[in-house]
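Input: a single structure, listed below in structure tokens.
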Number of protein chains: 4
Amino acid sequence: MSTTAVRPLRADAVRNRALIVDAARRLFAERGLDVTLHDVAEAAGVGVGTVYRRFPDKDALLSGLVAAKYETLVELAERAAEEPTGRSALRSYLLGAMELRASDRALSSAVLQAAPQTAEAAELRETLHGLVEAVVDRARAEGVVREGFTGEDVPAVTSMIGSIADRSRDELPGAWRRYGVLLVDAVCPPEGSLAPLPGAPLPPFTATTCLAAPS
Amino acid sequence: MSTTAVRPLRADAVRNRALIVDAARRLFAERGLDVTLHDVAEAAGVGVGTVYRRFPDKDALLSGLVAAKYETLVELAERAAEEPTGRSALRSYLLGAMELRASDRALSSAVLQAAPQTAEAAELRETLHGLVEAVVDRARAEGVVREGFTGEDVPAVTSMIGSIADRSRDELPGAWRRYGVLLVDAVCPPEGSLAPLPGAPLPPFTATTCLAAPS
Amino acid sequence: MSTTAVRPLRADAVRNRALIVDAARRLFAERGLDVTLHDVAEAAGVGVGTVYRRFPDKDALLSGLVAAKYETLVELAERAAEEPTGRSALRSYLLGAMELRASDRALSSAVLQAAPQTAEAAELRETLHGLVEAVVDRARAEGVVREGFTGEDVPAVTSMIGSIADRSRDELPGAWRRYGVLLVDAVCPPEGSLAPLPGAPLPPFTATTCLAAPS
Amino acid sequence: MSTTAVRPLRADAVRNRALIVDAARRLFAERGLDVTLHDVAEAAGVGVGTVYRRFPDKDALLSGLVAAKYETLVELAERAAEEPTGRSALRSYLLGAMELRASDRALSSAVLQAAPQTAEAAELRETLHGLVEAVVDRARAEGVVREGFTGEDVPAVTSMIGSIADRSRDELPGAWRRYGVLLVDAVCPPEGSLAPLPGAPLPPFTATTCLAAPS
DNA sequence: CATGAATGAGCGTTCATTCAT
DNA sequence: AATGAATGAACGCTCATTCAT
């Protein structure tokens with residue numbers, strides 16, 4: 001009763017918050033960590049102050065985005081768990097996580113490994129970790145995982161793909177897949193024999209791209 | 001000739017240029033892309049103006065470092081070529097290039113793929129490319145290379161390791177090797193059966209590290 | 001009458017105004033002029049907008065506090081008038097006014113001398129002035145007032161103590177009394193001979209305090 | 001020799017530094033501690049960056065000004081020491097220090113009591129303290145100092161005058177003297193009998209003045 | 001009428017780049 | 001040629017004030 005009574009006042013605030021989060025997600029995904037909050041505010045169509053009203057500082061805004069990413073990964077892991085075999089579950093989770101990371105210049109990588117700053121993120125992180133561990137364990141039980149590889153190695157694998165994706169996103173958006181396959185096969189080979197690497201080698205980048213690129 | 005008349009002046013200039021490049025390499029390797037040019041100038045023992053005289057801007061300085069890196073890689077490829085088998089040649093080159101990248105916070109990755117801006121760098125790049133291609137071809141002739149993998153894929157592989165190394169350098173300097181082995185084995189498996197991955201999974205990073213981290 | 005119709009609404013308004021004034025007084029007294037109006041609103045349990053409805057701007061709010069201070073001073077002067085001698089009346093009023101000023105980081109001094117902006121304050125000011133003048137005149141009639149000193153000098157004397165009190169409040173809350181005695185004795189010496197100054201000299205302030213401090 | 005060789009390069013830098021210090025002194029004196037460094041830069045006719053080149057931050061700039069003030073006070077104390085009697089020495093030092101404080105809205109008060117942040121300021125402070133102590137002691141030996149008053153009380157006395165001066169500077173620049181005399185007489189009465197207070201009581205201030213005023 | 005979300009100029013500070021010396 | 005002083009746009013962030021709800 002009383003809960004519904006307080007909500008209505010925030011109608012536009014809620015809309016603005018969504019605007020900000022959307023703009024931030026887009027901008028961070030496109031341009032990495034060095035977008036300014038003025039940029040975010042402008043893209044969201046609000047004043048800077050409004051951004052600061054919702055998020056105490058830049059890190060908080062990023063942390064806010066982290067939780068959303070965790071949620072997506074949790075869903076991904078849950079869907080992967082429904083795969084018929086451990087092998088296909090692991091392979092599909094890895095490729096899915098790479099896909100997510102590749103679509104986001106600066107955030108996903110942080111998300112995958114960020115020490116939780118909020119209780120919400122901490123909880124999601126734990127949940128995710130458990131699910132991923134289960135996926136890897138199941139595949140290992142089938143004897144199809146590279147010896148020594150554990151659920152804790154997953155973020156590193158995703159992170160590596162991120163560095164490729166960040167560099168090639170603008171010119172060749174899907175180029176990272178060639179290396180994604182290389183890595184997934186290295187962790188958990190497909191049934192049958194290895195196929196040739198898909199796609200083509202990454203061409204050398206322009207200097208501009210290199211310096212602007214995060215890593 | 002007027003050329004002889006200007007030489008003496010160049011002596012200083014050449015020395016200064018070397019000083020700047022050395023300082024820049026060291027600083028960028030240690031602290032990443034966000035060192036200021038004042039830092040570089042100070043470390044080189046020259047004024048900022050001198051840095052700008054040699055390199056039109058910060059990007060140009062970074063590009064300038066490329067050539068130096070190419071030289072090291074060329075040497076590495078030449079030594080690798082002396083290995084008894086194509087397999088060991090490729091594996092040792094890959095690990096060596098990773099090692100080089102891992103020792104340099106922000107630069108090597110750019111170096112490896114930067115479109116050459118100077119004639120000198122262009123030449124070195126061509127040389128390097130030829131040597132690496134030869135190393136990969138030789139291993140492929142032995143049938144020990146992942147199908148589809150070419151010399152042009154090498155920079156991408158090194159780049160991926162860079163992202164791991166940059167994140168773990170401070171706390172666990174050698175942590176990248178676990179993933180280096182994973183990748184090298186994926187590209188060119190060792191003789192005999194695969195050993196378990198060395199080392200331990202990368203622990204989650206602190207939030208600070210994540211946000212400050214380049215990618 | 002429409003007046004009776006609007007009264008009920010005023011009831012809230014009056015209560016809110018009082019809430020705001022109380023909160024503002026407390027906050028300004030504790031933390032000086034740099035409290036934000038959000039702080040005031042929060043402490044008062046109202047929205048910022050409500051503060052602005054009652055007081056056109058921050059200055060007006062401060063001026064609003066004046067009236068309340070005047071009331072206290074009027075009471076003080078009335079109690080002083082009941083003292084047996086002019087000397088003790090003046091001395092006790094001065095010390096009391098100093099005490100009041102010392103208990104309030106940033107406001108009282110302004111209060112004591114602010115040109116009245118409201119009719120209410122103007123009236124109180126007149127009343128206070130008359131009472132203080134009477135206290136001083138009575139003491140002068142006894143021949144115990146520094147020649148030339150008038151009731152109009154009282155605010156200046158109080159103001160001087162404020163500057164000491166503001167600087168030493170946090171570390172040595174009563175330290176101003178040493179100088180209060182010096183001043184009161186200068187204006188109206190005690191019966192008998194001068195006692196030594198009480199307390200100890202103010203120690204030098206830390207730099208931080210100095211820069212943060214108002215004057 | 002070599003010292004003179006390095007100086008010449010800084011010819012304009014020295015000029016700019018002086019420009020900045022002058023502007024800062026003037027602005028701080030006029031408007032108190034809340035002038036921005038942009039204001040200072042503009043008044044000095046230089047860019048903000050130049051101010052930051054000379055002074056790491058706002059506090060450092062203020063501290064820089066402190067040293068200059070100490071020097072003036074040291075000179076003042078030295079001249080006072082040449083007075084024929086302890087009484088006239090003390091009285092002239094007190095009035096001189098008040099004069100200095102009265103001419104400077106926000107700085108002198110800090111100067112008089114700031115915990116030294118630089119070695120230079122610390123040294124000057126010590127020197128000043130010794131000189132002032134000597135002046136007070138000499139007067140005390142003559143039996144003309146209020147019992148209990150010490151050299152360490154001097155900054156408090158000056159500070160009190162500052163609060164008056166800051167409030168009346170714009171309308172009645174010399175108005176503080178009336179209270180300066182009151183205080184000096186309280187600390188160290190003149191030869192013969194007390195004269196009437198000079199000047200007239202301070203008129204009540206406008207509200208604007210009050211709020212803008214530091215304390 | 002009360003609310004608190006929104007605003008944006010302004011703060012202290014940094015740093016790539018220019019240019020007088 | 002070399003220097004380093006100067007520049008000023010831009011950063012992350014604050015807060016007095018306005019206005020839609």
Side-chain angles (χ1 to χ4, degrees), chain A residues 6 8-17 20 34-42 44-59 61, chain B residues 6 8-13 16 34-42 45-59 61, chain C residues 6 8-10 12-13 16 34-42 45-59 61, chain D residues 6 8-17 20 34-42 45-59 61:
Chain A
V6 229
L9 297 173
R10 308 223 163 140
D12 60 332
V14 164
R15 193 183 55 92
N16 274 341
R17 192 196 157 97
I20 291 165
D34 57 358
V35 308
T36 75
L37 291 206
H38 270 97
D39 292 341
V40 172
E42 191 175 8
V46 304
V48 237
T50 305
V51 177
Y52 278 93
R53 160 175 287 275
R54 300 294 159 216
F55 304 94
D57 58 19
K58 198 179 177 180
D59 283 13
L61 174 52
Chain B
V6 250
L9 299 172
R10 288 250 169 112
D12 278 40
N16 273 345
D34 56 359
V35 308
T36 73
L37 290 206
H38 268 98
D39 293 340
V40 172
E42 189 175 9
V46 303
V48 240
T50 307
V51 177
Y52 275 91
R53 167 168 297 276
R54 299 294 154 220
F55 304 94
D57 59 17
K58 200 178 180 180
D59 284 13
L61 171 56
Chain C
V6 250
L9 300 173
R10 289 249 170 117
D12 279 39
N16 273 344
D34 57 358
V35 308
T36 73
L37 289 205
H38 268 98
D39 293 341
V40 172
E42 189 175 10
V46 304
V48 241
T50 307
V51 177
Y52 275 90
R53 167 167 297 277
R54 298 295 156 220
F55 304 94
D57 59 18
K58 200 179 179 180
D59 284 13
L61 170 55
Chain D
V6 227
L9 298 173
R10 308 217 162 142
D12 60 333
V14 164
R15 194 183 54 93
N16 273 342
R17 193 197 156 96
I20 291 165
D34 57 357
V35 309
T36 75
L37 291 206
H38 271 95
D39 293 341
V40 171
E42 191 174 7
V46 303
V48 237
T50 306
V51 177
Y52 277 91
R53 161 175 286 274
R54 300 294 158 217
F55 304 95
D57 58 19
K58 199 178 177 180
D59 284 13
L61 175 53

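Note that the structure is a prediction, hence the values are computed from the model and not measured. A, B, ... follow the sequence lines: proteins, then strands. Residue 1 opens every chain.
Looking at which nucleotide of DNA chain F each of Val46(D) and Thr36(A) is closest to, the 5′-most match is held by Val46(D). Projected onto DNA chain E by closest heavy-atom contact, Gly49(D) and Val14(A) fall at different nucleotides, the more 5' of which corresponds to Val14(A). Along DNA chain E, the nucleotide closest to Leu37(D) and the one closest to Asp57(B) are compared, and the more 5′ of them pairs with Leu37(D). Nearest-nucleotide positions on DNA chain F place Gly47(D) closer to the 5' end than the other of Gly47(D) and Val35(C).
If you check dA9(F), dT17(F), dC15(F) against the side chain of Val48(C), the one that comes closest is dT17(F).
The side chain of Asn16(D) places no N or O atom within less than 4.0 Å of a non-bridging phosphate oxygen (OP1 or OP2) of dA5(F). For the OP1/OP2 pair of dA1(F) and a distance below 4.0 Å, the side-chain nitrogens and oxygens of Arg53(B) include at least one atom meeting the criterion.
For Asp12(A) and dT21(F), the CG to C1' distance is 7 Å, given to the nearest whole Å. Arg15(A) places its CZ atom 11 Å from the C1' atom of dA20(F), with the value rounded to the nearest Å. In this entry the distance linking CD1 of Ile20(A) with C1' of dA6(E) reads 10 Å, nearest Å. Separating the NZ atom of Lys58(A) from the P atom of dC11(F) is a distance of 9 Å, rounded to the nearest angstrom. Rounded to whole Å, the distance from NE2 on His38(C) to P on dT3(E) is 13 Å. Spacing between atom CD of Glu42(B) and atom C1' of dT3(F) amounts to 14 Å, rounded to whole angstrom units. Atom-to-atom, CG of Leu61(B) to P of dT17(E) comes out at 11 Å; the value is rounded to the nearest Å. Put simply, OH on Tyr52(C) is 9 Å from C1' on dT18(F), counting in whole angstrom units.
Closest approach of Lys58(D) and Val35(D) over heavy atoms only: NZ-O, 3.0 Å. Taking each heavy atom of Ala41(B) and Val51(B) in turn, the nearest pair found is CB-CG2, 3.9 Å. Counting all heavy atoms, side chain and backbone alike, Tyr52(D) lies closest to Asp57(D) at CE2-CA, 4.2 Å. The minimum heavy-atom distance between Val46(B) and Asn16(B), with the atom names listed, is CG1-OD1, 3.6 Å.
Atoms CG and CG, from Asp34(C) and Asp34(D) in turn, are 11.0 Å apart once rounded to the nearest 0.5 Å.
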*Using a 3.5 Å limit on both pairing distances, list the dot-bracket string of DNA chain E from the 5' end; Watson-Crick and G-U wobble pairs count, crossing pairs take [ ], interstrand pairs take |.*
.||||||||||||||||||||
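Arg54(A) comes within 4.0 angstrom of the backbone, heavy atoms only, and of no base. Base contact: Thr50(D) has a heavy atom under 4.0 Å from a base atom.
Within the 4.5 Å cutoff, the side chain of Phe55(D) has heavy atoms near those of the Ile20(D) side chain.
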